[in-house]
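Here is the structure we will look at, set down as structure tokens.
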Amino acid sequence: MLKIVKFGGSSLADAGQFVKVKNIIEADANRRYVVPSAPGKRFSGDVKVTDMLYDCYEKASAGSDFRDNLIRIRSRYDSIIQELKLSGVSLKDEFTEIEEHLRTAPQKDYIASRGEYLNGLVLAAYLGISFIDAADVIFFREDGSFDEKKTQKAMKERLSEVDRAVIPGFYGSMPDHSIRTFSRGGSDITGSIVAAAAHADVYENWTDVSGFMVADPRIVDNPAGIETITYRELRELSYMGASVLHDEAIFPVRNIGIPINIRNTNAPDDEGTWIVESTAQKSGYVITGIAGKKGFCAVDITKSLMNSEIGFGRKVLQAFEENGISFEHMPSGIDTMTIVVHEDEFIEKEQRVVSAIHRLAAPDSIEIESDIALIAVVGRGMRSARGTAGRIFSALAHAQVNVRMIDQGSSELNIIIGVENRDFENAIRAIYDIFVTTQL
Ligand code: ASP
């Protein structure tokens, strides 16, 4: 049995958190490869080391004095080292090198990556295991895309040489050996890449919450947790704003059947959430989760006999494409079709889009509605449960929420509901109550 364990920034924010991490790793001999993030926030209002590094880079590249910033970053690591009494560990040389780099030709990704690099060095020393520089085992191509083949080969070889190791998250190297990072939160991706290369049985992703919840705890008081979720359900929910794991982190492990287990460093006995390809396990409730976002616009296009006009939809979509706007949803009726777009992307180009639709598709009328929120009700159990949609709509009617739009894909994995922005929270609570609270 082999487990890859990734710890997020808040799990490694200070010495106290390092102690918890060590206990977790040592509690299970299968936890052999460890992927750390950079130290995150210790309290609300604190600044993540990665953000401090970006700041430092900005100063250096503008020619301003960055030394104070660098001293503050160093003190984050030094206090961890001191409190853990790691007497043999010093980051003096590393900081000299970073300072030298900032003085000569500062490179953004290199600087950002030092947060994980340094944390990896400290963690490896604390755990007494090997350190593998991610630059030696994670590779990008010339065009910046991730080079899976080269990475797999190098990673496998290197891992076969060591039984236990720390591999810092978030970065790898380019063909010219310069450093490149993934997008923010990218240590999740590194963990997944290591899990895939090592053919791990589980990818444990340790964070500061006990997995996913059925609804956003800022909207619903104390929501139920999600025990098991499929990759597809997760895609739907995270697209709609539920964020615990980086979107791209599922791809390396998804096709080879390695489950991801989201766990809480501060409550290690909690089982957390299992993310799996497919499962026979029922999710406890008919729905798996509810998520949503505000700030959409609906563009309603009407044309008599539109349904029999071949190419009408394509012409309408072309108007959006010409203006560089991607659409989110497209519910349609007999003589109407609605294109739902992000308000902030759309607003400045709306008149250009409207005239393009007129020019290309010659509709009878176009109407724009703003301040729309979309809510996704997601669940693999909905397919086999009769009356799900009915329950949602009667709950919303009860809560006096006016439904503006409905869109259900034929996969029956989710139902998307459009409501007015101001009804957003109420609608989510009403749906949660009908499926979860009344089932308890
Ligand atoms: N430290 C990086 C960030 O803050 C990457 C990560 O934490 O996953 O985005």
Side-chain angles (χ1 to χ4, degrees), residues 4-14 17-18 20-21 24 33-58 69-70 72-74 76-77 80 91 94 98 107-124 131-135 137-138 140 144 146 151 166-173 179-196 203-209 211-212 234 238 242-253 260-266 272 275:
I4 306 305
V5 283
K6 181 261 168 180
F7 290 90
S10 54
S11 299
L12 291 163
D14 58 25
Q17 293 298 88
F18 267 68
K20 291 184 195 168
V21 165
I24 289 168
Y33 299 118
V34 185
V35 176
S37 283
K41 293 185 185 181
R42 293 159 293 184
F43 42 84
S44 81
D46 196 15
V47 184
K48 289 174 157 194
V49 164
T50 308
D51 290 315
M52 296 167 89
L53 286 161
Y54 278 124
D55 243 25
C56 202
Y57 163 81
E58 293 301 337
N69 297 60
L70 204 56
R72 260 178 276 145
I73 294 167
R74 178 153 183 195
R76 290 281 309 254
Y77 291 100
I80 293 172
L91 298 176
E94 283 75 15
I98 293 170
Q107 197 222 350
K108 195 173 181 179
D109 282 13
Y110 171 82
I111 293 302
S113 73
R114 295 305 88 183
E116 270 70 11
Y117 174 78
L118 297 168
N119 222 23
L121 287 175
V122 176
L123 185 61
F131 172 81
I132 298 176
D133 188 349
V137 283
I138 292 197
F140 294 91
F146 169 59
T151 298
V166 172
I167 307 117
F170 192 38
Y171 70 93
S173 59
I179 296 289
R180 182 178 171 86
T181 62
F182 291 108
S183 56
R184 293 300 305 266
S187 299
D188 284 340
I189 307 175
T190 308
S192 187
I193 291 169
V194 177
Y203 168 24
E204 287 182 348
N205 188 295
W206 292 80
T207 175
D208 53 9
V209 289
F212 288 89
L234 179 65
S238 53
S243 69
V244 171
L245 187 72
H246 193 295
D247 271 356
E248 290 161 46
I250 62 176
F251 296 110
V253 288
I260 305 175
N261 186 196
I262 307 283
R263 301 285 293 260
N264 189 349
T265 302
N266 305 318
I275 309 171

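Each residue takes its place number in the sequence, starting with 1. Atoms within each ligand, like the ligands themselves, are counted from 1 in listed order. Source: prediction; values computed, not measured.
Note on residues 48-58: pairs passing salt bridge (Lys or Arg N to Asp or Glu O under 4.0 Å), not counting sequence neighbours, are D51-R184.
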request  = For salt bridge (Lys or Arg N to Asp or Glu O under 4.0 Å), just list the numbers for D208 and K41, CA-CA rounded to whole Å, side-chain angles, deciding distance to a tenth of an Å, and then say yes or no.
outcome  = CA-CA 11 Å; D208 53 9; K41 293 185 185 181; over 6 Å; no
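For R180, the salt bridge (Lys or Arg N to Asp or Glu O under 4.0 Å) criterion is met by no residue, not counting sequence neighbours. For R263, the side chain to side chain donor-acceptor pair (under 3.5 Å) partners are N261, not counting sequence neighbours.
Inspection of the N69 and Y54 side chains reveals no N or O donor paired with an N or O acceptor under 3.5 Å.
The immediate protein surroundings of ligand 1, defined as residues with any heavy atom under 4.0 Å of it, consist of S37, K48, T50, E116, F170, R184, G185, G186, S187.
Figure legend: cation-pi geometry between R74 and Y77 absent, as NZ or CZ is not positioned both under 6.0 Å from the six-membered ring centre and within 45° of its axis.
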